[in-house]
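Read through the structure below, which is laid out as structure tokens, and then see the notes.
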Amino acid sequence: MKSKNRAIDIALHIATGLVIITSIVLWIFILTSDQRFSGLNQSTDTDTTHVKNSKSIKDAYLPTEVFGYRNNQLYQLYDSDKNLPLVFSKEFNNAKIERIKPIFITKKDYQKFWANKAYLQLTYPDQITFGIFSSNVSKYKNSEFNRIFIAQKDGKFKLYAGNDLNHRIYEVSLKNGNFDKLLKYAQKSESKTAVSLIRLSEGYEVSYKNDLTVNVYSYLISNPSDSYFVSRLLGTSGVSSKTAGNVTTYTAGLYNHLEVPKSNSKDYHNYTYINYQKSSIPNPNTRLSDSVTYVHKLGLVEQDLRFFDAEGSSVVYTNYIEGYPVFIKTQGPQIQIRYSTDNITIKFNSTNLQIPVPFDGRTVKIPKTSTVIKTLQAKGIAKSDIQRMTIGFELVRDSAHDSLVDLTPTYYIKIYNHWLSLSEWQNANLAKYRTSTTSSAKGLNVTREE
């Protein structure tokens with residue numbers, strides 16, 4: 001019997017070793033040959049936890065969803081091999097914006113525009129500005145949009161940018177604009193899901209007409225040390241520290257502070273960096289472009305980091321895996337940068353998604369959108385209070401392995417300026433969130449239940 005158990009133990013060790021080796025080989029293969037990641041121009045030269053940052057601002061601001069009509073039905077399109085948003089970004093960046101012409105239309109006309117079956121649509125998770133993509137648009141650099149419409153007619157490509165909030169359309173004239181590959185790949189995309197668009201308080205969101213089955217993914221992760229962030233954000237000399245309760249505050253001079261939670265606290269890995277400086281809150285274009293500089297400064301792995309949300313004076317980034325945003329239980333989206341008249345505050349989580357573990361077949365059934373809205377209404381949340389909603393991954397740490405996480409799919413909903421999962425809203429004290437929204441400055445809030 002003992003020999004049998006010993007044989008089993010040896011077999012388990014061998015199997016574990018093979019899984020780790022397979023994961024490493026797969027990671028190297030993905031980084032060197034997979035089209036999903038090769039276009040990000042990231043170096044794989046690491047210092048155990050940190051990938052060298054070479055991502056441009058345009059890489060951070062990629063569309064996250066693609067839609068097209070087939071047989072009079074709107075579908076959400078996805079292709080893990082071709083990566084449609086990245087194909088669009090490459091083709092768009094190879095062109096030059098020559099002219100932007102605003103087209104003033106009504107809400108009804110705007111809805112007719114996005115119901116036009118001739119257009120392929122790409123959407124950003126929130127409003128962005130033209131100034132991100134070109135310095136040749138000074139008059140419209142702060143004009144905002146979140147939806148792209150592309151069609152080909154008589155051998156020419158037509159591109160329009162739309163703003164779901166004010167229903168404004170911009171005609172964008174391009175020099176050398178060519179979207180052949182995008183339209184071709186979209187037509188042959190490997191996955192299409194029937195959807196409709198519903199109006200929420202911050203624009204139009206995807207409504208899934210049927211229940212979905214979404215994969216659970218696993219990743220090996222890393223968390224840089226506290227000293228790593230102290231060095232990057234405060235420097236290596238003249239740094240002092242003071243501990244109060246579960247937080248140690250590091251200070252460099254009068255203007256730079258880094259708050260670090262103790263390793264045994266519930267907020268472990270959630271950091272707050274504050275740079276005190278008196279200035280006016282920058283305009284939308286400057287705020288979006290400037291925030292990328294701070295993302296670089298943190299030194300996190302940026303391969304899958306994308307712009308996610310902008311609320312008031314805040315700009316938010318998070319990782320996207322297989323087309324869905326990643327949320328961290330105690331933090332929400334990974335990075336929130338908030339501007340005020342006397343400081344810039346950055347709340348971030350230090351978790352780096354490093355190596356994808358081979359898919360083991362686990363899936364989760366996700367209810368259709370109408371069911372989710374009814375569930376929220378049963379809790380006492382009016383549809384008018386729902387700002388945004390999306391399917392996302394909740395990052396769940398493995399209880400037995402510190403370096404392993406599961407990405408479990410569920411609905412995430414933004415209500416009262418808070419992003420929480422459906423189950424969190426079902427169990428939430430709504431009065432607490434309503435109060436924190438009315439009493440806090442404009443911007444996203446990461447307050448969560450104890």
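Looking only at distances, a side-chain donor or acceptor of N142 sits under 3.5 Å from a matching main-chain atom of N285. In this structure, the side chain of D126 engages the main chain of A310 through a donor-acceptor pair within 3.5 Å. Side-chain atoms of E91 come within 3.5 Å of backbone atoms of K181 as a donor-acceptor pair (strictly under, hydrogens ignored). A distance-only check finds no donor-acceptor pair linking the side chain of S134 to the backbone of G131 [under 3.5 Å]. Checked by atom type and distance alone, the side chain of Y294 never pairs as donor or acceptor with a backbone atom of I344 at under 3.5 Å.
Using a 3.5 Å distance cut-off with no hydrogens or angles, the side chains of S143 and R168 do not pair a donor with an acceptor. Under the 3.5 Å distance criterion, with hydrogens and angles disregarded, no donor-acceptor pair is assigned to the side chains of Q426 and T375. Side-chain atoms of Q111 and H167 form no donor-acceptor pair, as typed in the model, at a separation below 3.5 Å. No side-chain donor from either of S314 and E311 sits under 3.5 Å from a side-chain acceptor of the other. Checking N223 against Y268 by side-chain atom types alone, no donor-acceptor pair falls below 3.5 Å. N93 and S89 share a donor-acceptor pair across their side chains, judged by distance under 3.5 Å alone. For the residue pair D406 and T408, no side-chain donor N or O sits within less than 3.5 Å of a side-chain acceptor on the partner. Side chains of S291 and Y317: a donor-acceptor N/O pair is present below 3.5 angstrom, by distance only. In the model, Y110 has no side-chain atom that pairs as donor or acceptor with a side-chain atom of N163 under 3.5 Å.
Proximity of K188 to D79: side-chain heavy atoms (C-beta onward) are nowhere separated by under 4.5 Å. A heavy-atom distance below 4.5 Å is found between the side chains of L200 and M389. Contact check for L122 versus L182: side-chain heavy atoms found under the 4.5 Å cut-off. Taking the side chain as every heavy atom from C-beta outward, D309 and W419 approach each other to under 4.5 Å. In this structure, the side chains of Y124 and I148 come closer than 4.5 Å at one or more pairs of heavy atoms. Between Y416 and D385 the shortest side-chain heavy-atom distance falls below 4.5 Å. Between N417 and Q387 there is a side-chain heavy-atom pair separated by less than 4.5 Å. For the pair N94/N178, no side-chain contact is recorded, criterion being any heavy-atom separation below 4.5 Å from C-beta on.
We find that D154 and K156 are not joined by a salt bridge, their nearest charged nitrogen and carboxylate oxygen being 4.0 Å or further apart. Salt-bridge annotation for K414 and E202: present, with a side-chain N of the basic residue lying under 4.0 Å from a carboxylate O of the acidic one. Comment: E171 engages K158 in a salt bridge, judged by a side-chain N to carboxylate O separation of less than 4.0 angstrom.
Checked against Y411 for a side chain to side chain donor-acceptor pair (under 3.5 Å), the options T369, T390, T371 give a single hit: T369. Shown are Y170, F113, Y160; of these, the ring pair (Phe, Tyr, Trp, His ring centres under 6.0 Å) with F149 is made only by F113.
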message: Using side-chain contact (heavy atoms from CB on, under 4.5 Å), reason through I413 and L420 one step at a time and then give a plain yes or no.
response: CA-CA 6 Å; I413 308 101; L420 299 181; over 6 Å; no
Report task. Begin with the C-alpha distance, continue with both residues' side-chain angles, and end with the deciding distance and a verdict on side-chain contact (heavy atoms from CB on, under 4.5 Å) for H418 and W425. Result -> CA-CA 10 Å; H418 294 262; W425 281 121; 4.1 Å; yes
What do the steps show when you test V315 against D290 for side-chain contact (heavy atoms from CB on, under 4.5 Å), and what is the final call? CA-CA 10 Å; V315 184; D290 182 67; over 6 Å; no
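Between Y412 and F327, the distance from one ring center to the other falls under 6.0 angstrom.
Aromatic ring orientation, F179 versus F88: parallel (interplanar angle below 30°, classes split at 30° and 60°). A tilted orientation is assigned to the rings of F229 and Y271, their planes being inclined by 30° to 60°. Between F145 and F133, the ring planes are tilted. Angles from 30° to 60° get that label.
The side-chain tip of R388 points at the ring of F308 from less than 6.0 angstrom away and within 45° of straight on.
Heavy atoms from other residues, nucleotides or ligands lying under 6.0 Å from NZ of K379 number more than 12. Heavy atoms of other residues, nucleotides or ligands lying less than 6.0 angstrom from CG of D402 number 12 at most. Atom NZ of K117 has more than 12 heavy atoms from other residues, nucleotides or ligands within 6.0 Å.
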